[in-house]
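In what follows, a single structure is set out as structure tokens and then discussed.
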2 protein chains.
Amino acid sequence: MKTSVRSRRDEKASSPTVLEVAKVAGVSVSTVSRILNGTARVSEAKRQAVEDAIAALDFEPNALAQSLKRGRSMTVGVLTQDVSSSYFTETLKGVEHALTDTGYAPLIASGHWNAEEEAHRVRLLIARRVDGIIILSGNLTSAQITQYSGQVPVVATGHRIEAPKAWAIELDNERGGVMATRHLLDLGHRRIAHIRGPEEHADAEQRFAGYRRALEEAGVQYDERLVVPGDFYETSGVLGVAELLARGAPFTAIFAANDQMAYGVRLALSRQGIRVPDDISLIGFDDLPGSLYTTPPLTTVRQPLFDMGRIAAGNLLRIIDGDPPEPFAPEVELVVRETTRRLR
Amino acid sequence: MKTSVRSRRDEKASSPTVLEVAKVAGVSVSTVSRILNGTARVSEAKRQAVEDAIAALDFEPNALAQSLKRGRSMTVGVLTQDVSSSYFTETLKGVEHALTDTGYAPLIASGHWNAEEEAHRVRLLIARRVDGIIILSGNLTSAQITQYSGQVPVVATGHRIEAPKAWAIELDNERGGVMATRHLLDLGHRRIAHIRGPEEHADAEQRFAGYRRALEEAGVQYDERLVVPGDFYETSGVLGVAELLARGAPFTAIFAANDQMAYGVRLALSRQGIRVPDDISLIGFDDLPGSLYTTPPLTTVRQPLFDMGRIAAGNLLRIIDGDPPEPFAPEVELVVRETTRRLR
DNA sequence: CTGTTAGCGCGTTCAT
DNA sequence: ATGAACGCGCTAACAG
């Protein structure tokens with residue numbers, strides 16, 4: 001038995017290629033390719049031979065080579081800020097849902113709320129030739145995002161963008177802020193405290209603006225002693241309560257700019273023996289999954305994160321395919337649960 | 001002025017290539033490549049010219065082409081089950097941490113606790129020629145994982161694996177189960193209920209085994225009426241409490257097989273007007289970030305998820321580089337907070 | 001219907 | 001020190 005044509009076979013255990021499949025099946029590489037992609041008719045006999053060879057070699061086409069050749073990587077970059085925050089993972093779940101069975105895979109990168117790092121991550125995504133990028137919140141400016149869209153299709157949340165290959169999804173955060181505050185007002189509260197989000201963060205500023213507007217519309221005097229800073233994480237919720245208590249200005253309700261801070265508030269309050277909602281009413285913002293399971297369940301302003309992720313990804317694919325994005329206006333919604341009650 | 005050699009330039013706005021950089025800089029492609037990779041000395045003049053050209057064209061090397069050529073994609077696949085569960089995102093955070101500044105990027109895939117889908121996702125990762133795979137929990141068998149390791153380096157959590165290009169990180173779940181139960185026992189509890197995780201899930205089974213062993217060691221009779229099924233999600237925690245109450249067998253404490261179910265338990269209990277820990281003590285398993293902010297904060301058995309992710313990724317890179325993985329034995333740890341108290 | 005061949009963008013001998 | 005040429009694995013004309 002003469003040594004056959006094979007050269008490097010078990011040298012490096014490298015994966016088989018179309019060429020090897022072709023040889024084993026006794027056909028040319030193009031025939032293999034045709035069968036792989038169903039791009040042209042092939043005789044039944046050869047099809048069978050090729051499929052047998054593929055199975056025998058356990059062949060799996062090299063997606064890298066395919067991408068290089070086709071000019072599409074079938075990958076979309078997703079820029080998040082914090083992979084361990086429900087705010088992002090809920091949206092990510094929507095993205096993942098929309099990508100399922102499309103052949104696209106998400107390549108995720110974290111910017112850690114740092115504009116410089118975010119820009120760096122985006123460059124890396126572009127270097128990897130992702131077919132599009134989804135930017136979930138963060139500190140990049142709309143101008144920067146618009147510029148990126150010159151190189152690759154982009155969709156973003158929390159921005160308003162006008163560009164050919166870009167699309168953004170904007171939530172009316174101010175309206176949400178108004179809803180939260182008005183809910184408290186409707187319940188008879190007049191001394192309403194607010195724990196703000198980071199000042200550089202547009203969403204946070206808008207929610208705060210909504211708070212002020214609702215107060216004003218209700219003819220309630222704005223008291224700056226009732227407003228404390230926060231950073232959107234639980235800790236600042238507990239710190240906020242401490243600060244509020246230290247200031248001594250009375251209040252009967254708290255509007256936290258997001259759910260995570262509300263969790264911190266809840267804990268700090270209970271530490272002080274202050275009951276929710278009996279002594280103090282509490283409302284958050286976002287409606288993270290966990291808010292259903294706090295005790296008592298948290299009243300909040302819902303943001304349809306999953307759908308936002310789903311639509312963002314869906315529209316990115318449309319843009320990539322040259323189709324126009326479908327319009328979508330996410331609605332904030334008041335979700336009344338059990339942390340707020342009428343002032344007696 | 002004669003039309004120069006350029007053909008497609010502004011036709012498709014496709015990104016510039018080394019060839020274009022070379023032309024602009026008046027050198028050959030190899031020189032450009034050398035400068036890009038610092039793979040050989042180049043005269044200062046040409047280096048400058050090339051760098052200028054790169055800047056002028058806003059050139060970014062095509063990572064796809066580099067990968068194809070080098071035979072390394074600088075990508076590691078991460079198989080998770082549920083991107084929106086803290087259990088996974090905490091681990092993912094550790095993975096991300098370890099990958100930062102290594103040039104590797106994580107390509108994440110979700111198996112949704114379904115062995116068939118998991119296997120499918122792994123195939124896709126392999127097709128994309130990831131340099132290694134991290135498998136976080138799931139329903140794949142150790143045998144399957146061992147087999148994958150023949151094609152690509154693999155590290156997994158929740159398995160015991162012996163293979164050249166594989167490594168696994170195993171937590172002593174039974175010991176954790178014993179710790180949780182014994183803690184309750186030490187507090188004087190004798191009627192301890194348990195909400196189990198899914199039966200197919202090894203971790204869940206081991207925690208349950210630990211529960212039984214601790215009981216036995218303490219000479220407490222095992223009562224099957226005190227054990228109810230669960231699926232690791234919050235809902236089954238509330239269902240579990242309902243079932244327990246319906247069965248009528250008295251109990252003074254509950255050990256939930258994971259924190260998420262404990263959250264559900266906490267809610268169900270409060271709905272029934274049952275106080276924690278005054279009336280019933282509650283302990284979970286995992287120590288998810290949220291457990292610090294439940295009211296009161298949850299007593300639980302800590303699993304070092306972040307470190308497990310960090311070490312898993314670190315060792316995967318070592319295996320890829322041909323280095324031996326560093327040994328690591330994650331320790332479960334009892335974290336006593338405020339949902340458990342001595343039986344009076 | 002099928003095979004041959006030319007790239008996709010880059011890294012890397014091999015000469016010079 | 002530098003350039004020419006080949007090939008990574010695959011798809012897509014272009015002949016037959």
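Sequence lines set the chain letters: A, B, ... in the order given, protein chains first and strands last, and positions in each chain run from 1.
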Nucleotide nearest [X] when distance is taken to its side chain, options [options]:
| X | options | value |
| --- | --- | --- |
| A/N62 | C/dG3, C/dG11, D/dG9 | D/dG9 |
| A/S43 | C/dT12, C/dT2, D/dA1 | C/dT2 |
| A/S28 | D/dG3, C/dT4, D/dG9 | C/dT4 |

Measure the distance from [atom1] on [X] to [atom2] on [N] and round it to the nearest whole Å.
| X | N | atom1 | atom2 | value |
| --- | --- | --- | --- | --- |
| A/F59 | D/dC10 | CZ | C1' | 8 Å |
| B/L64 | D/dG9 | CG | P | 15 Å |
| A/K23 | D/dC10 | NZ | P | 13 Å |
| B/R70 | D/dG9 | CZ | C1' | 17 Å |
| A/R129 | C/dC8 | CZ | C1' | 12 Å |
| A/L68 | D/dA12 | CG | P | 13 Å |

hbond_proxy A/R34 side chain to C/dG3 base (donor-acceptor, 3.5 Å cutoff):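 Side chain to base: pair found, below 3.5 Å.
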For C/dT4, does the base pair up with any side-chain atom of A/S30 as donor and acceptor (N or O, under 3.5 Å, distance only)?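 Answer yes: a donor N or O sits under 3.5 Å from an acceptor.
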Counting only side-chain N and O atoms of A/Q66, is one of them less than 4.0 Å from OP1 or OP2 of D/dG9?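 The answer is no; no side-chain N or O of A/Q66 sits under 4.0 Å from OP1 or OP2.
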Do the side-chain N or O atoms of A/K69 get closer than 4.0 angstrom to the phosphate oxygens (OP1, OP2) of C/dA6?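 Answer is no, no contact under 4.0 Å.
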Need one value for B/S33: base, sugar-phosphate or nothing, where a base atom within 4.0 Å counts as base even if backbone is also close, heavy atoms only.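 Base contact.
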Both B/V42 and A/L36 contact DNA chain D. Which one's nearest nucleotide lies toward the 5' end?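 On the 5' side of the pair lies B/V42.
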